[in-house]
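A quick note: this is a predicted structure, and the numbers were derived from the prediction, not measured.
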Amino acid sequence: MKQIINDLIAQALRELEQSSQIPSELGAHIQVTPARDPGQGDFASNVALTLAKAAGMPPRALAELIVGQISAIDTIEKVEVAGPGFINFFVASATSHSIIRDVLEQGDDFGRSSHGQGGKIQVEYVSANPTGPLHVGHGRGAAIGATLANLLNFVGYEVQQEYYVNDAGRQMHILGTSVWLRYLELCGESVTFPSNGYQGDYVWDIAATLHRENDARFQKPVAEVMAEVSEDAPAGDKEKHIDDLIEKAQTLLGENEYRIVFDLALVTLVDVIRNDLHAFGVDFDCWFSERSLSDDGLIDQAIQRLQDSGNVYEQDGAQWFRSTDFGDEKDRVVRRENGQTTYFASDIAYHMNKFDRGFGRVINIWGADHHGYIPRVKASLTALGYDADNLEVELVQFANLFENGNKISMSTRSGEFVTLRQLREDVGLDAARFFYVMRKTEQHMDFDLDLAREQSNDNPVYYLQYAHARICSVRRQCAEKGISLVTGEANLERLENTHEQALVKQLSIFPERVEAAALRREPHLVVNYLRELANLFHSWYNAHQFIVDDVELRDARMALASAISQVLRNGLKLMGVSAPETM
RNA sequence: GCGCUCGUAGCUCAGAUGGAUAGAGUGUUGGCCUCCGAAGCCAAAGGUCGUGGGUUCGAUUCCCGCCGAGCGCGCCA
């Protein structure tokens, strides 16, 4: 419809130009938007305002001229000039009502489009270090990533969802060593746990498994473990202390034995995370191991490629990538003085590999604290000869967590956090998923645990679900009363009150709103849309009866109601929220 | 200090590419169930869109300064 109106205006402008009533070559960018108010018709265009200056005449006069030139078609009932020079289009009701039949016929596929034309797109999200269970801080990225993936799939992309497992690096060694130390305690050794170790109860659990399955196999006397280890905080340096302990674990246990402890911790936690996410309605297609990058030689390969293109130099014994040549604020080390590659080097290899796997577009969903990291990753892609614009990074702001009016801080290290699992068990899957996606991703957000816990009408997700349940309920009523509905052939012309017209219009814009949400990477647009739809429905419901004696009217209204419930279902499904038939 | 993301109703937030009278929810105050589910509806009140300039027919939106908030500026990951 939008396109038809667009064409009508373009045609009118062409004719005006040909008859020299307006200057030619105005290069009009025609804009047609859904009208905001029923009094302003269904669609509006501001062409007259944008062209007024170039055409050298008042906006209203130009608008009148355009309207006079627009050819009459039967899908448009009326065209008029309003305000400072807007052109408002009124769509014939028969045309707009046909959307109801479209919804009912297309069912779960209503709103789908082929916009993406099957292009391969990857969404990488969550990717939290497997050093502990996911906490509520990770939930927002999980919910947004999953919804975005659903949306992209819905508009015709082939989407792959990926979790980057940081299974190499210092944090994981700290975890492995933490587990080992707890294990030593279970063996009867008396260990002073490092202040910088992972203190959560799950570390005990993993240590217990290790002990149960291996008895004293990994046991070493504490005196030996602590020998020559530098002092812990507060008197000493806690970072140095933990690093010494890691080294001790590796030398005392030997490469192979240490690896067994390390891998048990890793595998257990990745499993925990996978299960938590699954219960949260989030399932990844690929769990990509950071360690596999070095195992497969991809890191060396990436550095070599940068070297070959002359973008690497040596200084202070380290190898630096000259990222400043590609817009970064300073050059970055890729290989340390001690010969080890940096995390950044892994990330270069990882992103190189993403594009080598054939994704035309790659979306990373990162916490906002990583924003400073973007320029260097893009710089590396450019240096390697990829188009860095095909990497999109969506930054998700942190959710501030409040409980009893106080902000709670979370730390995986100290073991003080509310897990994602706890949140879901507290507030339910639907409310949790909905809450996270409700707000624009780059918006800072306050997450009030008490409010989210309240299973009351305060929680906006129920508003949508209630609308759906109500419609299901009316259908049940019909069935109980032995009323058979013929919604498919209903005479939709009977839908004439303002509530019904507004609802029809709202239904018709679902496809474009979903597409906008997907293309703009803004899942919250779906929430806003559904809220508007539910609001219109509830108002209609309160103002009119559906089950009336007039069969024709009843069928028409039930057809509309069914279409509404279908769209609610489709929208909620995109967000991973259920559409219950009863509540 | 430099950079990124922000600042809209008492509170939590929408307002893409500049457009008509800046909108929801929540909270407050009043109404609405002999009738399909009141987890709902209707109405009222509530705003110098942080602030000061600029760009133009028109700025919450674009540009600059200032104030305020969060985050980032490692041979950590």
(request) Measure the acute angle between the ring planes of Tyr373(A) and Phe344(A), then classify it against the limits of 30° and 60° as parallel, tilted or perpendicular. (result) perpendicular
(request) List for me each residue that meets side-chain hydrogen bond (donor to acceptor under 3.5 Å, both in side chains) alongside Gln506(A), sequence neighbours excluded, and say none if there are none. (result) Glu532(A)
(message) Using heavy-atom distances to pick each residue's nearest nucleotide on RNA chain B, tell me which of Leu395(A) and Glu581(A) is more 5'.
(response) Leu395(A)
(request) On RNA chain B, check which nucleotide each of Arg531(A) and Gln171(A) is closest to and give me the residue with the more 5' one. (result) Arg531(A)
(message) Strictly below 4.0 Å, N to O, side chains only: are Glu522(A) and Lys440(A) in salt-bridge contact?
(response) no
(message) Distance check, P atoms only: C42(B) and A24(B), in whole angstrom units.
(response) 10 Å
(request) Please list, chain by chain and in numerical order, all residues satisfying side-chain contact (heavy atoms from CB on, under 4.5 Å) with Ala249(A), sequence neighbours excluded. (result) Thr177(A), Trp180(A), Tyr258(A)
(message) Is there a side-chain contact between Arg557(A) and the phosphate of C36(B), meaning an N or O under 4.0 Å from OP1 or OP2?
(response) no
(request) Quick one: list whatever passes side-chain contact (heavy atoms from CB on, under 4.5 Å) with Asp167(A), sequence neighbours left out. (result) Val165(A), Leu266(A), Ser289(A), Glu290(A), Arg291(A)
(request) Take the protein atom CD of Glu394(A) and the nucleotide atom C1' of U5(B), then report the distance between them rounded to whole Å. (result) 13 Å
(message) Under the rule for ring-ring contact (aromatic ring centres under 6.0 Å, His included), what residues qualify as partners of Tyr343(A), not counting sequence neighbours?
(response) none
(request) Choose from A77(B), G37(B), G40(B) the nucleotide whose nearest atom is closest to any side-chain atom of Ser473(A). (result) G37(B)
(message) Once you apply a heavy-atom cut-off of 4.0 Å, does Ala44(A) come out as touching a base, just sugar-phosphate, or nothing?
(response) base
(request) Please measure how far the P atom in G19(B) lies from the corresponding atom in C62(B), and state the result in whole Å. (result) 10 Å
(request) Using whole Å, report how far CD of Glu314(A) lies from P of C75(B). (result) 16 Å
(request) From the options G15(B), C41(B), G37(B), select the nucleotide whose nearest atom is closest to the side chain of Leu525(A). (result) G15(B)
(request) Using the P atom on both, measure C75(B) against C71(B) and round to a whole Å. (result) 22 Å
(request) For Ile242(A) and A77(B), give me the distance from atom CD1 to atom C1', rounded to whole Å. (result) 15 Å
(message) Just the rounded figure in Å: distance from P of C36(B) to CG of Asp549(A).
(response) 15 Å
(message) Dot-bracket for RNA chain B, please. Rules: Watson-Crick or G-U, both distances under 3.5 Å, ( ) within the strand, [ ] when a pair crosses earlier ones, | for another strand, . otherwise.
(response) (((((((..((((.....[...)))).(((((.......))))).....(((((..]....))))))))))))....
(message) Which nucleotide wins on minimum distance to the side chain of Arg476(A), given the candidates G37(B), C76(B), C41(B)?
(response) G37(B)
(request) Could you check how far OH of Tyr529(A) sits from P of G15(B), rounded to whole Å? (result) 17 Å
(request) For G15(B), take OP1 and OP2 only and decide whether either is under 4.0 Å from a side-chain N or O of Lys440(A). (result) yes
(message) Output the rounded distance in Å from OH (Tyr198(A)) to C1' (C76(B)).
(response) 11 Å
(message) Among residues at least two apart in sequence or on other chains, which ones pass ring-ring contact (aromatic ring centres under 6.0 Å, His included) with Tyr125(A)?
(response) Phe284(A)
(request) Considering only NZ, NE, NH1 and NH2 on the basic side and carboxylate oxygens on the acidic side, decide whether Asp244(A) and Lys240(A) come within less than 4.0 Å. (result) yes
(message) Categorize Asn338(A) for me: base, sugar-phosphate, or nothing, with a 4.0 angstrom heavy-atom threshold over every strand shown.
(response) nothing
(message) Heavy atoms from C-beta onward define the side chain here; which of A14(B), C41(B), A77(B) lies closest to that of Glu290(A)?
(response) A77(B)
(message) Regarding Asn497(A) and His544(A), do their side chains bring together a donor and an acceptor under 3.5 Å, going by distance alone?
(response) yes
(request) Using atom CG of Asp555(A) as one end and atom C1' of C36(B) as the other, report the distance to the nearest whole Å. (result) 15 Å
(request) Look at the side-chain N and O atoms of Gln340(A) and state whether any lies under 4.0 Å from the OP1 or OP2 oxygen of C75(B). (result) no
(request) Tell me what Asn129(A) touches on the nucleic acid: a base, only sugar-phosphate, or nothing, going by heavy atoms under 4.0 Å. (result) sugar-phosphate
(request) Could you measure between the two P atoms, the one in A22(B) and the one in U61(B), and give it in whole Å? (result) 15 Å
(request) Determine the Euclidean distance between corresponding C1' atoms of C33(B) and G25(B); express it in Å to zero decimal places. (result) 24 Å
(request) Indicate yes or no for a side-chain donor-acceptor contact from Asp331(A) to the backbone of Ser323(A) under 3.5 Å, with no hydrogens or angles considered. (result) yes
(request) Keeping to residues at least two apart or across chains, list the side chain to side chain donor-acceptor pair (under 3.5 Å) pairs with something in residues 471-481 of chain A. (result) Arg475(A)-Ser562(A)
(message) Distance check, P atoms only: C36(B) and A16(B), in whole angstrom units.
(response) 41 Å
Tabulate protein N/O versus nucleotide N/O from nucleotides 8-10 of chain B, keeping only pairs under 3.5 Å, one per line.
none

(message) Which nucleotide wins on minimum distance to the side chain of Glu337(A), given the candidates A39(B), C75(B), C41(B)?
(response) C75(B)
Atom pairs, N/O to N/O, protein against nucleotides 72-74 of chain B, distance under 3.5 Å?
| residue | atom | partner | partner atom | Å |
| --- | --- | --- | --- | --- |
| G74(B) | O5' | Lys330(A) | NZ | 3.4 |

(message) Under 3.5 Å, is there any donor-acceptor pair linking the side chain of Asn88(A) to the base of A20(B)?
(response) yes
(request) Could you give the distance separating U28(B) and U34(B) at their C1' atoms, to the nearest angstrom? (result) 32 Å
(request) Name the nucleic acid region contacted by Thr582(A), choosing base, sugar-phosphate or nothing; use a 4.0 angstrom heavy-atom cut-off, strictly under. (result) base
(request) Check side-chain contact (heavy atoms from CB on, under 4.5 Å) between Val393(A) and all other residues, then give those that pass, not counting sequence neighbours. (result) Asn364(A), Trp366(A), Ile374(A), Leu391(A), Leu395(A)
(request) Taking the six-membered ring of Phe321(A) (Phe, Tyr or Trp), confirm whether the NZ or CZ of Arg376(A) is under 6.0 Å from its centre and within 45° of its axis. (result) no
(message) I want to know whether His499(A) and Tyr541(A) have ring centres closer than 6.0 Å.
(response) no
(request) Please name all residues satisfying side-chain hydrogen bond (donor to acceptor under 3.5 Å, both in side chains) with His468(A), sequence neighbours left out, ordered by chain then number. (result) Arg569(A)
(message) Can you tell me if Glu581(A) has over 12 outside heavy atoms packed within less than 6.0 Å of its CD?
(response) no
(request) Mind calculating the distance between CG (Leu175(A)) and P (A77(B)) to the nearest angstrom? (result) 16 Å
(message) Nearest to the side chain of Arg439(A), heavy atoms from C-beta on, is which of C75(B), A14(B), C36(B)?
(response) A14(B)
(request) Strictly below 4.0 Å, heavy-atom distances to any atom of RNA chain B: list the hits from residues 539-547 of chain A, or just say none. (result) Ser539(A), Tyr541(A), Asn542(A), His544(A), Gln545(A), Phe546(A), Ile547(A)
(message) Rounding to an integer number of angstrom, what distance separates A59(B) and G50(B) when you compare their P atoms?
(response) 15 Å
(message) Looking only at the aromatic ring of each residue, does the gap between the centers of Tyr529(A) and Phe510(A) stay below 6.0 angstrom?
(response) yes
(request) Could you classify C33(B) for me, syn or anti, using a glycosidic angle within 90° of 0 as syn? (result) syn
